[in-house]
Amino acid sequence: MSAEEKSTSRQWRGVIREYADRLDVTDATPIVTLGEGGTPLIPAPALSARTGAKVYVKYEGMNPTASFKDRGMTMAISKAAEHGAKAVICASTGNTSASAAAYAAYAGLTSVVLVPDGNIAMGKLSQAVAHNAEILQVKGNFDDCLDIARDLADNYPVHLVNSVNPDRIAGQKTAAFEVVEALGDAPDFHIVPVGNAGNYTAYFRGYSEDLAVGNSTKLPRMFGFQAAGSAPIVRGEVVRNPDTIASAIRIGNPASWALALDAHKTSDGYFGAISDTLILEAHRLLSTEVGIFVEPASAISVAGLLERSAAGAIPAGATVVLTVTGHGLKDPQWALRRADGSTVAPTVVPVDTAEIAAVLGLQKVPA
Ligand code: F0G
């Protein structure tokens, strides 16, 4: 192999540069990137064996701030900078604020984040703090935070970077492009967690655009899952006090509700609700059998797959892509809890090989 062939590993340039011809950017757009996108699409034999489908996991925890939000944030912050914004604002259950704070830091912009009081995971809060965001804990839920963020952006000189900003959805659609490139076509099914339904909408848009330009031959059926205590789309009504351990998707009035209903209709999609118990079971299954550590909201994709498979809705041999949206280190406490609520603690042992071997139940190999 020549040296040139060996050095094929060029650096991934972030989603705006990789997909410049498919995004609304020009030479005048200052590209604010941390190298987001290009995340692995991982075959999951353990999930394929359980369902009879060909299952792949799109691991979005591998983005720079460890969630899928970076794909949309590179666009939103680049466009904010292009428009001369000095400050950006978002409401967040945690990941959007972590991403906004990081990209704003890179661009030299001030970031303001509104988060529901006491209800965001420590990893995410620490990211917003680390990147020097102005963090306000609103005494209300996420939906209250979003109302206020929109109000502020409408009436004060702050640029909104929630997914109601179309630049966010545009950036996020690149994940669908990556899936089509990796598989050579769109999958039969695509499963995502649903909070504001922005990502559901974004994947649908990406797949639709790929189909339109002939990169793929079909649209996947878009399956979205909400937590049972926080399932407005499934129930068909706003949930006033959404409740779930999956704090990322504790949303009672999704911002992209109408767009998601369109995507659902066109793709012959499905919306389902999953209990917290099943979310945590799926969380454990993904960690123990597939080796992928995610936050609880992300595990709902796995739970949704198992639920639909058990219902007979996933034919044998179908190609299924699950998006897992955020890294497990964002909210690690769930890995340390057993089903009965007790905390896992490692066994403490002395500095003694024989005793450790005994604890492990190992028999010495005869000499
Ligand atoms: N998964 C994770 C880890 C999330 O953080 C979110 C949304 C979703 C799924 C749902 O995506 O809203 O596009 O349907 N988090 C937002 C936030 C609300 O503020 O970080 P969606």
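When a ligand or atom number is given, it counts from 1 through the structure's own listing order.
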Asker: Could you identify the single nearest non-hydrogen protein atom to atom 20 (O) of ligand 1 and state the distance to 0.1 Å?
Answerer: T96 N, 2.8 Å
Asker: Is it possible for you to check whether R308 lies under 6.0 Å from the centre of the six-membered ring of Y270, through NZ or CZ, and within 45° of that ring's axis?
Answerer: yes
Asker: Using heavy-atom distances only, which candidate in N199, T93, I249 approaches atom 18 (C) of ligand 1 most closely?
Answerer: T93
Asker: Ignoring hydrogens and geometry beyond distance, is a side-chain donor-acceptor pair present between Y59 and H327 at under 3.5 Å?
Answerer: yes
Asker: Closest heavy-atom contact between A248 and E295?
Answerer: CB-OE1, 3.5 Å
Asker: Would you check if there is a donor-acceptor pair between the side chains of N199 and Q172 at a distance under 3.5 Å?
Answerer: yes
Asker: Looking at ligand 1, is there an atom of it that comes within less than 4.0 Å of some heavy atom belonging to S67?
Answerer: no
Asker: Within the 3.5 Å criterion, strictly below it, is a donor on N196 or S163 matched to an acceptor on the partner's side chain?
Answerer: no
Asker: What atoms of ligand 1 come within less than 4.0 Å of a heavy atom belonging to G198?
Answerer: 13 (O), 14 (O), 21 (P)
Asker: Taking the minimum heavy-atom distance to atom 6 (C) of ligand 1, which of K330, Q226, K69 ranks first?
Answerer: K69
Asker: Do we see a donor-acceptor contact under 3.5 Å between the side chains of S78 and T29?
Answerer: no
Asker: Can you name the atoms of ligand 1, numbered from 1 with element, that are less than 4.0 Å from a heavy atom of V194?
Answerer: 14 (O)
Asker: List the steps and the verdict of salt bridge (charged side-chain N to carboxylate O under 4.0 Å, His left out) for K139 and D117.
Answerer: CA-CA 5 Å; K139 292 182 181 169; D117 192 19; over 6 Å; no
Asker: Given H190, which of F223, F204, Y56, Y207 fulfils the ring pair (Phe, Tyr, Trp, His ring centres under 6.0 Å) condition?
Answerer: Y207
Asker: Give me the residue, atom name and distance of the protein heavy atom closest to atom 9 (C) of ligand 1.
Answerer: T325 OG1, 3.5 Å
Asker: Under 3.5 Å between some N or O of ligand 1 and some N or O of A197?
Answerer: yes
Asker: Does NZ or CZ of R22 come closer than 6.0 Å to the centre of the six-membered ring of F177, within 45° of the ring's axis?
Answerer: yes
Asker: Give me the residue, atom name and distance of the protein heavy atom closest to atom 5 (O) of ligand 1.
Answerer: N95 ND2, 2.8 Å
Asker: I need the nearest protein heavy-atom contact for atom 4 (C) of ligand 1: residue, atom name and distance, please.
Answerer: A248 CB, 3.5 Å
Asker: Just go through F68, F142, Y200 and tell me whose heavy atom is the nearest to atom 11 (O) of ligand 1.
Answerer: F68
Asker: Report yes if A297 has an N/O atom closer than 3.5 Å to an N/O atom of ligand 1; otherwise report no.
Answerer: no
Asker: Are I251 and ligand 1 in contact, using a heavy-atom cut-off of under 4.0 Å?
Answerer: yes
Asker: For atom 12 (O) of ligand 1, which protein heavy atom lies nearest, and how many Å away is it?
Answerer: N196 N, 2.7 Å
Asker: Kindly give the heavy-atom pair with the smallest separation between T39 and E178, and that separation in Å.
Answerer: N-OE1, 3.3 Å
Asker: Can you list the ligand 1 atoms lying under 4.0 Å from a non-hydrogen atom of S92?
Answerer: 17 (C), 19 (O), 20 (O)
